[in-house]
Amino acid sequence: MRAPVTAVALAILLTLSASFALAQSVALPGKKMQGKLHLLPATLETTQWGWFNNAQAPVLKVDSGDTIALETMMHSHNQVVPGKTIEEIKKLRTDHPGRGPHTVTGPIYVNGAEPGDVLKVKINKIVPRAYATNFNVPGMFGQFPKEYQDGQVKYLYLDLDRKVTEFLPGVFIPLRPFPGTIGVARKEPGQYSTVPPGEYAGNMEIRDLTEGTSLYVPVHVSGALLWTGDSHAAQGNGEVNLTAVETAYQEFNITVEVLKSMKLDFPRIETPKSWITMGFDPDLNKALDFTKEQTAKFLAEQRKISVEDAAKLMHKVSDCRISQVVNIKKGIHCLNPKDPKGKEDMERPAKETEKYYVSYAKDANLNKAMDDASRAMIRFLEEKKGIARLDAYGLASVAMDCRLGDVWGTEKNVHCLVPKNLWVAKK
């Protein structure tokens, strides 16, 4: 028999408090690195549940160039773990209105970081826990809450050796861990939910921000106050049912650096091949407009051309995706190749290909085009692949890649792709 929820929660909290007493953050001489290596466990004292406040006392202070190996928790101070029902998960939200579900580790104070600077956060290594979850809260949140008044939660084993998780029998999702939420303090005082992203980064849900990439984010308060959580093992572009393959990290290893000469008004991401620009707004049309401005500005800087010429170049080189549509502010990001002669995966099929199942929709309103393309893919997974409706919704959330077509035309085009190789035949 399971213990009452209150007893389970209390046991978790006591365990975490004990771990803090035994394993407070320490600094060790770093090997093959300029700065120090700091260890930061995820405990009740080093995390917050669902909010951030720029008056929050830092849990760790580091220097520019230092590396931090930190832990993260599952949602709601580690209460969304195998065995928790969807009804209990919903109650964790309804009993705590206004705060996000995320547990965030931090804030980390970076000495020397001041407003107007840029903080570079390089992701060196990510080691998830062995389990994860995907769920949709009945009648709340997600892209289609009215259509999914019923809910479910799935718990998944993460095979870290094979780097996959079996989402459904015979359907395997490749693991590509990344922080759903990472950012610095907002400039505005007060307590804010972790849900909406912004100029401070935060809950961006950009799945390209993985090992070997770097986030560049403007600093708004002294010390920057870096925090992270909402740890993911995989996610689709769109994240339509609200959740990805949600996990926690045994190790999230990052190096921080204060850049005094770089000036940014909005976050950017650097991958080995590309620079990623982005925009957020409750209206996808406005998010796209902002992303286009950011992208044209970046391309003008990169290629040393006018903003007008950069806007024209965006047609040819920028690969734009819908990051997520479920975090109050919806997100769009564009991958822009570092090599002027190179480009990203610009494939935009309107019908099924050898590699992909495809749904396609167009409309003057980008919100409607995204809704129509997503619904079509979920319906395809149900009707053609024989997947139960809530599982189809979840699979679309963790595996569907929604890409934008012509970003300058009056009519907006959304192409949602699901790789066929997720289905693995039994040998």
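Everything numeric here is computed off the predicted structure, so don't read it as measured data. Numbers for residues simply follow the sequence, beginning at 1. When reading the values below, keep in mind they use all heavy atoms of this one structure, side chains included, and skip hydrogens, waters and symmetry mates.
Because its NZ or CZ atom is not both nearer than 6.0 Å to the ring centre of Phe135 and within 45° of the ring axis, Arg93 does not count as a cation-pi partner of that residue. Stacking of Lys385 on the aromatic ring of Phe380 is not recorded, the 6.0 Å distance cut-off and the 45° axial limit not both being met.
Thr46 places no side-chain N or O within 3.5 Å of a backbone atom of Thr105 that could act as its donor or acceptor partner. In this structure, the side chain of Asp363 does not engage the main chain of Ala361 through any donor-acceptor pair within 3.5 Å. At least one donor-acceptor pair closer than 3.5 Å links the side chain of Thr228 to the backbone N or O of Thr181. Using modelled atom types, one side-chain atom of Lys292 and one backbone atom of Val407 make a donor-acceptor pair closer than 3.5 Å. A donor-acceptor contact shorter than 3.5 Å is absent between the side chain of Asp281 and the backbone of Lys329. Remark: side-chain polar atoms of Lys420 are paired, donor with acceptor, to backbone N or O of Thr353 under 3.5 angstrom. Formation of a donor-acceptor pair under 3.5 Å by the Tyr157 side chain with backbone atoms of Ala130 is not found in this model. Side chain of Asn413 to main chain of Glu411: a donor-acceptor pair is present (N/O by atom type, distance under 3.5 Å, no hydrogens or angles). The main-chain N or O of Thr255 is never found under 3.5 Å from a side-chain atom of Thr67 such that the two would form a donor-acceptor pair.
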Next on the checklist: One pair to check against salt bridge (charged side-chain N to carboxylate O under 4.0 Å, His left out): Glu347 and Arg403. What are the steps and the verdict?
Outcome noted: CA-CA 9 Å; Glu347 188 172 0; Arg403 308 178 178 186; 5.0 Å; no
Checklist entry - Should Arg303 and Asp309 be marked as a salt bridge (charged side-chain N to carboxylate O under 4.0 Å, His left out) after you check the CA-CA gap, both sets of side-chain angles, and the distance that decides it? => result CA-CA 10 Å; Arg303 311 294 175 95; Asp309 287 341; over 6 Å; no
Item to check | Test log, rule salt bridge (charged side-chain N to carboxylate O under 4.0 Å, His left out), inputs Glu301 and Arg268 | outcome: CA-CA 13 Å; Glu301 295 169 3; Arg268 287 180 188 167; 3.2 Å; yes
Next on the checklist: What verdict does the salt bridge (charged side-chain N to carboxylate O under 4.0 Å, His left out) test give for Lys61 and Asp66, after you've listed the backbone C-alpha separation in whole Å, the side-chain angles of each residue and the deciding distance to 0.1 Å?
Outcome noted: CA-CA 10 Å; Lys61 289 190 175 183; Asp66 284 359; over 6 Å; no
Checklist entry - Could you walk me through whether Asn285 and Asp283 pass the side chain to side chain donor-acceptor pair (under 3.5 Å) check? => result CA-CA 5 Å; Asn285 300 287; Asp283 182 342; 2.8 Å; yes
Checklist entry - Are Asn253 and Asn124 close enough, and set up right, to give a side chain to side chain donor-acceptor pair (under 3.5 Å), and what steps lead you there? => result CA-CA 5 Å; Asn253 188 303; Asn124 305 312; 2.9 Å; yes
Checklist entry - Going through the checks in order, is the side chain to side chain donor-acceptor pair (under 3.5 Å) test met by Thr295 and Ser318? => result CA-CA 8 Å; Thr295 305; Ser318 300; 5.4 Å; no
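Crowding of Lys163 atom NZ: a count of heavy atoms from other residues, nucleotides or ligands under 6.0 Å not exceeding 12. Shown here is Lys125, whose NZ atom has no more than 12 heavy atoms of other residues, nucleotides or ligands within 6.0 Å. Other residues, nucleotides and ligands contribute at most 12 non-hydrogen atoms within 6.0 Å of the NZ atom of Lys146. By the 6.0 Å contact criterion, NZ on Lys154 is enclosed, its count of non-hydrogen atoms from other residues, nucleotides or ligands being greater than 12.
For the pair Asn78 and Thr103, the minimum side-chain heavy-atom distance is 4.5 Å or more. Counting heavy atoms from C-beta on, the side chains of Pro101 and Val195 come closer than 4.5 Å.
A parallel orientation is assigned to the rings of Tyr249 and Phe252, their planes being inclined by less than 30° (bins at 30° and 60°). In this pair, His96 and Trp49 present their aromatic rings tilted. The plane angle is within the 30 to 60° band.
Using a cutoff of 4.0 Å between basic side-chain nitrogens and carboxylate oxygens, Glu239 and Arg207 are not scored as salt-bridged. Ion pairing between a basic and an acidic side chain is recognised when a charged N comes within 4.0 Å of a carboxylate O; Asp159 and Arg162 show such pairing. Ion pairing between Arg321 and Asp401 holds under the 4.0 Å rule for side-chain N and carboxylate O. Note on Glu270 versus Lys338: salt bridge recorded, some NZ/NE/NH1/NH2 to OD/OE distance being below 4.0 Å.
Here the options are Ile276, Leu215, Thr277, the test is side-chain contact (heavy atoms from CB on, under 4.5 Å), and the partner is Pro267; only Leu215 passes. The salt bridge (charged side-chain N to carboxylate O under 4.0 Å, His left out) test with Arg375 singles out one residue from Glu382, Glu147, Glu383, and that residue is Glu147.
Across all non-hydrogen atoms, the minimal contact from Ala233 to Leu158 is CB-CD1, 3.9 Å. Residues Ala373 and Ser359 share a closest heavy-atom pair of O-OG, 2.8 Å. Nearest approach of Ala234 to Ile173, heavy atoms of both residues: CB-CG2, 3.9 Å. The two atoms that bring Glu199 and Val217 nearest to each other are O-CG2, 3.8 Å, heavy atoms only. Pairing each heavy atom of Val118 with each of Met262, the nearest pair is CG2-O, 3.3 Å.
Taking the six-membered ring where the residue is Trp, the centroids of Phe266 and Phe298 are separated by 6.0 Å or more. Trp227 has its ring centre no less than 6.0 Å from the ring centre of Tyr200.
Note that CG of Asn241 and CE of Met400 are 10.0 Å apart. Values are rounded to the nearest 0.5 Å.
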